[in-house]
2 protein chains.
Amino acid sequence: MKHLVISPILAPVHTPSRDDAVLLALVDFVTGEGLRPGDRLPTERVLAEHLKVSRTTVREALTRWQELGLVERRQGSGTYLKSAVTRNMLHVPLTLPSGNDFNSLMHTLEIRRGLEAEAAVLSAERASDEDIAFIEQKLIQMEEAFHARHGMSADEDWDFHLAVFRTSGNPLFEQIIAAMYEMFHRFWEHPLGVRDFGHASFPYHRTLFNAIAARDPVAARAEALKLIATVEDDLRRGAANLKKQNKKS
Amino acid sequence: MKHLVISPILAPVHTPSRDDAVLLALVDFVTGEGLRPGDRLPTERVLAEHLKVSRTTVREALTRWQELGLVERRQGSGTYLKSAVTRNMLHVPLTLPSGNDFNSLMHTLEIRRGLEAEAAVLSAERASDEDIAFIEQKLIQMEEAFHARHGMSADEDWDFHLAVFRTSGNPLFEQIIAAMYEMFHRFWEHPLGVRDFGHASFPYHRTLFNAIAARDPVAARAEALKLIATVEDDLRRGAANLKKQNKKS
DNA sequence: ATTGGCACAATGGTCCAACCAATTTAAGTG
DNA sequence: CACTTAAATTGGTTGGACCATTGTGCCAAT
């Protein structure tokens, strides 16, 4: 018996698994209730009872949300919303190979080079006056921290870059570069033994800000590239030091 | 009563959960056994018995891997490896609000713009003769597919770009842009109703290849940007069409 | 009034045993 | 050999129980 030719319009039947149904109901609940990040969700037992599914199923669904970073579970306390959730939200997990060798660290910088430059361009094109004031505030905080401790402060430095990404109007920049940043600082606070890592990048933060404030995309791109270039130089210098030490021993 | 100022060195303690232990053991098993994507993992019951944990715990761990796209579960058949897994892997769930509208699609292209240009530069700087022959092979396959069906073929097009990323010497490009690509094509094959999407980008594939083959990073960057620009134009055209249709109805 | 200790309830984490549903495999049947 | 059918396999779900951690309120000591 031959199969009939079926119109290709017929797509695979959408068989929503039980977890998906739970998650969908939970989205509606969160939006309907107007829950915001930090708020507590109903307990697993309550959810299971109301949704007429077993607690195990609820747990599997929440485990998925946890893996996506949408929710955080604290034993003895409850389950808390970690990020805003709406129905039309696309989640794509990104898995990156990481390492602490010179090449892997340089790879993260190559990604940053492309993305930070692009983000600077977009920020210069789109930033509102309030956005620019916001970036300047972060810049000043970073500069104050720099003078106070005579060196780069990782937190304030990151806050400044974050401000630029946020004003680019594209949330993906922040998420991807945050991953690069984490890979870079995952193992060492002083990568490869360089103590004043990032020191040379300091002046370019202000020049980058000036370019963005002047709504000059070309200049913003150039300054962002200079900034990354100094970090790459630091990294190469650290690799050279490491090589020298190995030769001695 | 005022709180004392605590040294910022104090970080939350690391409490490894049971799932993590299972996942770690599973990583070692996969690498030790040399399993490759497509291979079948042991059944949940077997894993539970060997790891001395309950099947529930194994299931929670596998659910997490499934959410990350590392593994695929088929009821009645088994659990299959979907992607290579190693110990040093960083998982970043990317979240893009409102997946199908014009702005979200454009956001993925903004990321591609920065990264494809950078990858083209690196490829032009580093590609060996064999690499260039490999890219050319993919280019020819794409061109043949184009002429055969009088339009862009998504698979061959992607293979060509993939070849460029791989010869850039940085595996991060492939991973990140693949995520952008998936976000873009998740819902519709013909974004926003544009039927010959990507048609205009065709000639720039060869000009990009020529620049890389000539070891000209500057030209390679320029051609990559032109290529993305045509896709962005297609997208804008699609958005305009959509707007017109909405006005009519 | 503040602090510290304590018991108790609430909540997520784990376990077990059974059954359901889809798939695969093998036996049976013409 | 082709097809059907039954059984075994495997992931999906359920209910109930218990453990580990956290939050809360009470109470005594200071």
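Residue numbers start from 1 in every chain, and the chains themselves are labelled A, B, ... in the order their sequence lines are given, proteins ahead of strands. Please read these numbers as outputs of a predicted model, since none were measured by experiment.
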Peer 1: Taking only residues two or more places apart in sequence, or in another chain, which ones meet B/D28 in a salt bridge (charged side-chain N to carboxylate O under 4.0 Å, His left out)?
Peer 2: B/R87

Peer 1: Do A/R73 and A/E67 sit within salt-bridge range, that is, some charged N less than 4.0 Å from a carboxylate O?
Peer 2: no

Peer 1: Using the test salt bridge (charged side-chain N to carboxylate O under 4.0 Å, His left out), find all partners of B/R74 that sit at least two apart in sequence or belong to another chain.
Peer 2: B/E72

Peer 1: Taking only residues at least two apart or on different chains, which pairs with a member in residues 29-43 of chain B satisfy salt bridge (Lys or Arg N to Asp or Glu O under 4.0 Å)?
Peer 2: none

Peer 1: Return the set of residues passing salt bridge (charged side-chain N to carboxylate O under 4.0 Å, His left out) with A/E156 (not counting sequence neighbours), or none when no residue passes.
Peer 2: none

Peer 1: For residues 162-175 of chain B, pull every pair meeting salt bridge (Lys or Arg N to Asp or Glu O under 4.0 Å), keeping only residues two or more places apart or in separate chains.
Peer 2: B/R166-B/E174

Peer 1: Taking salt bridge (charged side-chain N to carboxylate O under 4.0 Å, His left out) as the definition, give me every residue that meets it alongside A/R112, ordered by chain and number, with sequence neighbours left out.
Peer 2: A/E116

Peer 1: Distances under 3.5 Å between protein N/O atoms and the N/O atoms of nucleotides 5-7 of chain C, please, pair by pair.
Peer 2:
none

Peer 1: Taking only residues at least two apart or on different chains, which pairs with a member in residues 148-172 of chain B satisfy ring-ring contact (aromatic ring centres under 6.0 Å, His included)?
Peer 2: B/W158-B/Y181, B/F160-B/H205, B/H161-B/H205

Peer 1: Of all of residues 43-54 of chain B, which get a heavy atom below 4.0 angstrom from DNA chain C, listed by number?
Peer 2: B/R45, B/V53, B/S54

Peer 1: Of all of residues 61-84 of chain A, which get a heavy atom below 4.0 angstrom from DNA chain D, listed by number?
Peer 2: A/Q75, A/G76, A/S77

Peer 1: Return the set of residues passing ring-ring contact (aromatic ring centres under 6.0 Å, His included) with A/H50 (not counting sequence neighbours), or none when no residue passes.
Peer 2: none

Peer 1: For DNA chain C, find the residues of residues 24-38 of chain B with a heavy-atom distance under 4.0 Å and give them by number; none if there aren't any.
Peer 2: none

